[in-house]
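The structure appears right after this line, and notes come after that.
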Amino acid sequence: MKRFVYINEDNLAHDLYCDNRISNRKYTIWNFLPKNLWEQFSRFMNQYFLLIACLQLWSLITPVNPASTWGPLIFIFAVSATKEAWDDYNRYLSDKKANEKEVWIVKQGTKKLIQAQDIRVGNLVWLRENDEVPCDLVLLGAADPQGICYVETAALDGETDLKTRLIPPACVGIDFELLHKIKGVIECPSPDKDIRRFDANMRLFPPFLDNDVCPLTIKNTLLQSCYLRNTEWACGVAVYTGNETKLGMSRGIPEPKLTAVDAMIDKLTGAIFVFQIVVVIVLGIAGNVWKDTEARKLWYVRYPKEGPWYELLVIPLRFELLCSIMIPISIKVSLDLVKSLYAKFIDWDDQMVDLETGIRSHAANTAISEDLGQVEYILTDKTGTLTENKMIFKRCFVSGTFYGNENGDALTDAELLSAVSSGSTDVIRFLKVMAICNTVIPVQSKNGSISYKAQSQDEEALVRAAARLHMVFVNKNGNFVDIKFNASTIQYEVLDILEFTSDRKRMSIVVKDSQSGKIILLSKGADEAILPHAYTGQQVRTYAEAVEQYAQLGLRTLCLAWRELEDEEYQEWAVMFKEANSSLVDREWRVAEVCQRLEHDFEIIGVAAIEDRLQDGVPETIETLRKAGLNFWMLTGDKQNTAIQIALSCNFVSPEPKGQLLMINGKTEDEVCRNLERVLLTMRITSSEPKDVAFVIDGWALEIALKHYRKAFTELAILSRTAICCRVTPSQKAQLVELLKSCDYRTLAIGDGGNDVRMIQQADIGVGISGREGLQAARAADYSIGKFRFLKRLILVHGRYSYNRTAFLSQYSFYKSLLICFIQIFFSFISGVSGTSLFNSVSLMAYNVFYTSVPVLVSVLDKDLSERTVMQHPQILFYCQAGRLLNPSTFAGWFGRSLFHAIVVFVITIHSYAFEKSEMEEVSMVALSGCIWLQAFVVALETNSFTILQHLAIWGNLVGFYVINWIVSALPSSGMYTIMFRLCRQPSYWITMILIVAGGMGPVLALKYFRYTYRSSKINILQQAERLGGPILSLGNIEPQSRSLEKDLSPLSISLPKNRNPVYEPLLSDSPNSTRRSFGPGVPFDFFQSQSRLSSSYSRNCKDN
Amino acid sequence: MNSNTPSSSAGGPGSADATAPRRNSKRPKYSRFTQQELPACKPILTPKWVISTFLLVSFIFIPIGIVSLFASRDVVEIVHGYETECIPSGSRNDKVGFIQSDQDKTCIRTLTVPKDMSQPIYVYYQLDNFYQNHRRYVRSRSDQQLRSPENARETGSCSPEDTVGDTAIVPCGLIAWSLFNDTYHFTSNNGGQIPINKRGISWQSDRERKFGRNVYPSNFQNGTLIGGARLNESIPLSEQEDLIVWMRTAALPTFRKLYGKIEVNLRQGDVINVTLQNNYNTYSFNGRKKLVLSTTSWLGGKNDFVGIAYLTVGGLCFFLAIVFVLIYLIKPRQLGDPSYLSWNRNPGGH
């Protein structure tokens, strides 16, 4: 499918393509009600309640007033519909704002200001500096004479660096005025969401040159939501508009997330539903049998001889309605309420405020806090998430001297400063490479200060450092760069840029000294890409050692090199380079080959070490969370070595004797397959050993593994607790999340950049760090936090408490509903299985709405363990992760309890209120108050910490029950007129209540005490220790003893990294039995060779860069 | 959240000393509730507490049980089933036929007072296996109609005993229709009448609020099927106390309803002759009828259940307390011992 865009043709294509109106709305005013209702009724629970409510309208079968179901049902629906409507209204407002933004377009040859929503495909759009691009454009003109303009694509892909965009060659040189009249046609593909690809052709009409079709790439486009930077103006033709832009196509309404707890509740609800059906069928049959054998003899009931055709259905349906309270209608409302409170607690938490920026943590998704406590895998971005994403030049090694080793900062090293001022040639050359060999753009502001716009943070760090050392990169004017050293300005002409690619791992630049006319090649790159190409005779050993030393410190290293070129050599090479650059086949490979011809015989100048500092508390956080049984995967777009280095320094992987890194590399299917199998084998062997095994995979291999060896890779993912994936794309990140999710793991993705957005949306829980890379991630995420270290508190405190509280609340909701339902069922056995309700409508409704919901709602304040204890013993999270507090067996406990309590209440009530006291209303109130008393004590027994609010809610609720019933009893029109007053005057009523409480709670208390003391769970032990001040409290200060893996509790037990050996230990080994590889000073390159055994084409090392 | 950001962005990535003073001002308002740090008492189940709770419960429950049991024993109760005895021996093979016939159903029974009974002595009739709580039955009434004469036609819920022809039945419904109609007369052995006071046997609130003073029975028992008792159409419903009592439906299939009060004391050994009209049909469903004379105590009538239940629970608690003490002594276990945490165990420890 193709579309043809006629440039600047007002009459064409107007109705062919949509206008530029952006719409993120889900509803319109007209379809809101039906669509929203349809969505709500697609949920099983709602369908069920609707069915019940409808059945209740049939008075023949209804045991209670239909209002008792309709009221809550309508309330619930109204609440969620209002919420949806409000969200949609806000989306509408933000859309409106974007749509009404004013832009300049050309119409009938003149510029006009119109609203962004009126842009049509084919319109010429003019943008000024710092304008947001309103739709997808193909560039036609720019202020720069060479047709270069810069865009910031952060909103699209999360990358904050400036990207260059080019005018298509056919348009270069067209006059500003003529641009208004430009005509032509662009043949482009139908809208898609690939933001890295745009394969189109353009042909301009006369009077513009129309000799040839001009190919267009993504480089010639300005995509919607990017910002135009450092360019005075640009103009382009709209090719995709509205929701058909690349951004619009890739935007989807994320699926609503369902927590594991919700899924479990749904499952339990399903089980209860089945149970209910069974009960209904059994009682229905029993009822019909009893009716035909017994009830027909009861002359006072006067069953008609012949009933209607549906007669057999009447009794089962009555029981269905009677039992419908088994599934508590209030549970959804209660859960929504407490969930939003959990979210508020996160928002309010003072300990999760980033003090530097004042950014608070925020829970954007209020529905999934419990999942935080059940996370099993954390997939984390590296840069900006673990690290601060502030590259700082820290140390360097120039001509045999280490600078910055003493004070840790080369910029303040007096030795280096004096070397600079004294004009040491080596140092000067080093600084020049730092300042020139890059693609940085200096931007001079009005007050004279220079800021740098760089594609890579490393380059920016180098340029800044050079500036601090008086080698200031002042200006870049076309091909000329100006450098100010001390007071003098030096100008160089940039002849060629040999761009950085991940294969070459270096970039070079050829410059000509404007004064001397000398041609120089400046290079910088990873050590393995530079050092082997030194000129014969240069001692590279010292440099390799320096790299080694810096790598140990976790610094990123770059080797800087230089070579003076002969004129003829360069001229000869330049021709080849041009040719390679214009080749149409295998261009990248050819260019690399040509570059190789120039990049040899380097004179190594030095090694620069750059630090990307870890954020505060990252190693501790990771250690604590790993102790809590969480598995960490690092997904980074960064290089393998850097990733490994960071992983080491933040406790991600343990150093050699404890930990082991397994590499999966390879460019071909075969290699990847071999690697994968080898790693898998190793994993299987070591999975029983207390060893910290992690695998490392890069983007290429991952692509192949996911495509062809998905099964093996999935097994690997399950086996390994730690993984490092480097050079992965945003979509691969999302694929990995998907993979783990498909293995039924709860995943949490944390990241800070727009490139993490997809994985954040894909994961069960997305956490965004509101960091330097902007707010896209934080906006897309369910939770946004200021710093990585808050993750610990988010999971261990908020996640855990939320899970515990919801586990109690949901099971309790079922307990209380089952309790009253069982009593109804028992009562049916003494009422001729006819479906009589013991309780009246008012009581039934109030039981769910008031009497039992208030005390349990304050369980959101319950804390089983103090935050401090949890932080000291993060292993306790296992109970949440494994869902130990809410699963079919705990639920069976609650089920049993409600059955037992129903028996207690029922038996005691009908025996103590027998004979002359067996009046229906009285018996009903005695049973009801028995239930209320019991549930108050159940809540009290299950509460771990009583605050004043809990006391108020639990005991106040009990008082409230009597007050409400006294009020109702005072109304002559109500069925239970005077009942409660009569009861409260009878000593036997109070005696019965005490008996019910003691009979119901005694066994429960005894059982709980026994389990608490003699079969105690870890939580119980910690509770006891915490409250009795046992020896455990001091444990936090004691150095943990060496710990072992325990097979039965494997998720709990983690081997702790020992104090890290200050001496760097190699991480790579190809088999579990491999011995430590030695790095003798004499064999610096032995390492590369020995590695090549593993993967022939891909040489790697474990040093940094 | 957003309110904090503008001021901070102005500061930018400030130097270290710039952050120090801001630190305090940035701290949001502290509230113990929002930080989930409300002072809380955190009780745990220590042996001391649990055992003393059980002991305490047993020490309270056993005396109450004994007192309740004594109260129940003090109640003197005469229960006399008569549903078979009041059928002439010739008709016992066809009890239903007898009860539905027009024969004279007078029956004389003799009761002996086992113990002194002081007034008031309550006279109940007890029905067994009578489902006043059956769904068809229990809802077959119209409270509006009973309350006010304007609502005489509110018979919607009364089917099948709602109207005769086109005129509404007052009181309508199966409950009223099946009103109990056995009657009792007591004479002492020496021939003197023992009067039964039938006033004030129903709830005062029912007489005053639920059954209208100016609602008179009409059309009652006029249909083809005659259920139970007839009502005197000149007496308003609020004074038809037997009906009021009957219409307080029982929750259990075995129930007693107050027939009247004897306001004289009865001596031990007194013989009472009961002349009863055995009209009510319990034979078609094997129901039983009993005449009950009972005194009362602070707990109500004779009911051993509460006392026995209290003694059982109290005893059980005592037993549990003893068991827990024994376990505690035999197998002491330190609470909160960190060595029970599996992740603290030594490699050789398991």
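All figures in this text were calculated on a predicted structure; none of them were measured in a lab. In what follows, every chain begins at residue 1, and chains take the letters A, B, ... in the order their sequences are listed.
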Within-4.5 Å side-chain heavy-atom neighbours: [X] and [Y]:
X: B:Gln35; Y: A:Asp349; value: yes
X: A:Ile908; Y: B:Phe305; value: yes
X: B:Trp203; Y: A:Glu919; value: yes
X: A:Val301; Y: B:Tyr131; value: no

Note: A:Arg302-B:Glu161 ion pair, threshold 4.0 Å (strictly below): yes
Leading residue by heavy atom contact count with chain B [cutoff under 4.5 Å; candidates A:Phe1010, A:Tyr977, A:Tyr989, A:Tyr913]: A:Tyr977
Ring centroid separation A:Phe915 to B:Tyr124 under 6.0 Å: no
Can you say whether [X] sits under 4.5 Å from chain A via the side chain, the backbone, both, or neither, judging by heavy atoms?
X: B:Leu38; answer: both
X: B:Trp177; answer: side chain
X: B:Phe54; answer: side chain
X: B:Tyr137; answer: side chain
X: B:Asp143; answer: neither
X: B:Phe255; answer: both
X: B:Tyr280; answer: side chain
X: B:Pro39; answer: backbone
X: B:Tyr122; answer: neither
X: B:Ile327; answer: both

What closest approach, in Å, do [X] and [Y] show between heavy atoms, and which atom pair accounts for it?
X: B:Asn281; Y: A:Trp299; answer: O-NE1, 2.8 Å
X: A:Asn944; Y: B:Pro43; answer: O-CD, 3.9 Å
X: B:Pro253; Y: A:Ile830; answer: CD-O, 3.4 Å
X: A:Thr836; Y: B:His134; answer: OG1-C, 3.7 Å
X: A:His951; Y: B:Cys41; answer: NE2-SG, 4.4 Å
X: A:Ser945; Y: B:Lys42; answer: CB-CG, 3.6 Å

Please state whether the side chain, the backbone, both or neither of [X] comes within less than 4.5 Å of a heavy atom of chain B.
X: A:Lys1008; answer: both
X: A:Glu922; answer: side chain
X: A:Gln950; answer: neither
X: A:Tyr801; answer: side chain
X: A:Leu949; answer: side chain
X: A:Glu867; answer: side chain

Parallel, tilted or perpendicular, as decided by the 30° and 60° cut-offs, for the rings of A:Tyr1009 and B:Phe324: perpendicular
